[in-house]
Amino acid sequence: MIIWIDGTYGVGKTTVAKQLKKKWGSETELLEADEYINETIKKIVEEAKASHTTPNIGGNIPQNNMRFLKDFKKIIEEKYEVKNKRLIVDMALTEIECKENLFDLLRMEGKNIVHFILTAHEKILRERIKQDKDRMKELALDELEANIQFLKDSYPDAIWIQTDNGYVDDIAEEIIEIIKLMEH
């Protein structure tokens, strides 16, 4: 089973995904898109150096980098094959490229994906983004409304979870309870 943790910048995807991993322990593997995009970009740069060409990054965020989407899909498929293990994927699906070339393809291949979209009021998200130290804040703030709308329009069967209260343990427990019901 793939437990996909989705949502906009600042909603708490990574924090919740890490809490789920902590609670489930060794029976779970966590794939963080942000870590894997860096590996893909390094590969692209190394390949360009080796061939004495200019690197063609092809998109600077995981959601629109086609090379990353292809590589990440392959990683998800490999990890999915490990029996008796839950797979948590921490990635926003806020661009058409990632929806069509990653998420939709995995579903069409019959992968069992439980799709959670974490949400919060826009004012709260904007405050969280402003306080974040590691993000491209301007991009996150500029794209926030479009990302929220894309999620609403694109994933009618996702399970939406409100994160306004910010209690990570409560959010993780809500997801765990939903998964327990689905597994039995």
Side-chain angles (χ1 to χ4, degrees), residues 1-24 28-37 40 59 61-66 68-73 75-77 79-80 86-109 111-122 124-126 128-129 132 134-136 139-168 170-179 181-182:
M1 172 184 291
I2 299 171
I3 296 111
W4 203 293
I5 307 298
D6 191 356
T8 65
Y9 292 108
V11 78
K13 293 179 301 296
T14 301
T15 305
V16 169
K18 286 180 178 178
Q19 185 68 6
L20 288 169
K21 168 70 175 133
K22 181 179 171 186
K23 287 180 170 286
W24 276 324
T28 307
E29 183 157 0
L30 172 59
L31 300 179
E32 294 178 60
D34 288 345
E35 288 184 17
Y36 286 93
I37 186 68
T40 297
I61 59 174
Q63 294 80 5
N64 68 8
N65 185 299
M66 294 305 293
F68 165 75
L69 294 173
K70 179 183 168 198
D71 290 352
F72 199 49
K73 180 178 178 287
I75 291 165
I76 292 169
E77 290 169 332
K79 302 288 185 179
Y80 184 83
R86 291 184 193 99
L87 184 59
I88 300 170
V89 177
D90 164 21
M91 181 180 174
L93 297 168
T94 53
E95 300 284 335
I96 194 70
E97 293 90 346
C98 61
K99 179 185 184 309
E100 292 178 350
N101 296 289
L102 179 61
F103 190 77
D104 289 349
L105 286 178
L106 289 167
R107 278 227 161 131
M108 284 189 284
E109 293 170 0
K111 304 295 186 274
N112 180 15
I113 302 173
V114 183
H115 184 197
F116 292 94
I117 298 177
L118 306 183
T119 188
H121 288 95
E122 189 175 335
I124 290 171
L125 289 171
R126 288 189 180 282
R128 288 179 186 171
I129 293 167
D132 196 337
D134 300 330
R135 303 272 180 193
M136 299 177 287
L139 175 66
L141 291 168
D142 290 347
E143 296 293 321
L144 186 60
E145 286 180 43
N147 288 340
I148 291 169
Q149 195 60 52
F150 184 84
L151 291 169
K152 286 179 182 177
D153 293 343
S154 300
Y155 306 103
D157 60 341
I159 301 165
W160 289 73
I161 296 186
Q162 192 64 251
T163 69
D164 287 342
N165 71 18
Y167 299 123
V168 175
D170 292 343
I171 297 161
E173 284 300 325
E174 185 175 346
I175 292 170
I176 288 168
E177 288 304 313
I178 292 168
I179 296 300
L181 289 172
M182 292 179 157

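Predicted model, so just to flag it, every value in this text is computed and none were measured.
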Whether the side chain of [X] engages the backbone of [Y] through a donor-acceptor N/O pair (distance < 3.5 Å, no angle test) should be reported.
X: Tyr9; Y: Leu125; answer: no
X: Lys111; Y: Leu106; answer: no
X: Thr163; Y: Thr119; answer: yes

Looking at residues at least two apart in the chain, or sitting in another chain, which of them share a side chain to side chain contact (heavy atoms under 4.5 Å, CB included) with [X]?
X: Asp164; value: Ala120, His121, Ile124, Gln162
X: Glu35; value: Glu32
X: Asn165; value: Tyr167, Asp170, Ile171
X: Lys23; value: Gln19, Asp169, Ala172, Glu173, Ile176

Atom [atom1] in [X], atom [atom2] in [Y]: separation rounded to 0.5 Å?
X: Ile175; Y: Leu118; atom1: CD1; atom2: CG; value: 5.5 Å
X: Ile161; Y: Ile117; atom1: CD1; atom2: CD1; value: 10.5 Å
X: Thr8; Y: Glu145; atom1: OG1; atom2: CD; value: 11.5 Å

Would you tabulate the side-chain donor-acceptor contacts of residues 89-99 under 3.5 Å, counting partners in other chains and residues two or more places apart, or write 'none'?
residue, atom, partner, partner atom, Å
Asp90, OD2, Thr14, OG1, 2.6
Lys99, NZ, Asp104, OD1, 3.3
Lys99, NZ, Asp104, OD2, 2.8

[X]: partners by salt bridge (Lys or Arg N to Asp or Glu O under 4.0 Å), with sequence neighbours left out:
X: Glu77; result: Lys73
X: Lys152; result: none
X: Asp157; result: Arg107
X: Lys70; result: none

Residue pair [X] / [Y]: nearest heavy atoms and the distance that separates them:
X: Ile5; Y: Ala17; result: CG1-CB, 4.4 Å
X: Met182; Y: Ile159; result: CE-CD1, 3.9 Å
X: Ile76; Y: Leu87; result: O-CD2, 3.8 Å
X: Arg86; Y: Trp24; result: NH1-CD1, 3.1 Å
X: Ala140; Y: Ile129; result: CB-CG2, 3.7 Å
X: Leu144; Y: Glu122; result: CD2-CG, 3.8 Å

Open item on the list: Parallel, tilted or perpendicular: which one describes the rings of Phe103 and Tyr155, with boundaries at 30° and 60°?
Closed with: perpendicular

- [ ] Report the residues that fulfil side-chain hydrogen bond (donor to acceptor under 3.5 Å, both in side chains) with Glu100, sequence neighbours left out, ordered by chain and then residue number.
- [x] none

Task: side-chain hydrogen bond (donor to acceptor under 3.5 Å, both in side chains) partners for Glu29, two or more places apart - done: Lys79

Task: With Phe116 via ring pair (Phe, Tyr, Trp, His ring centres under 6.0 Å) - residues at least two apart - done: none

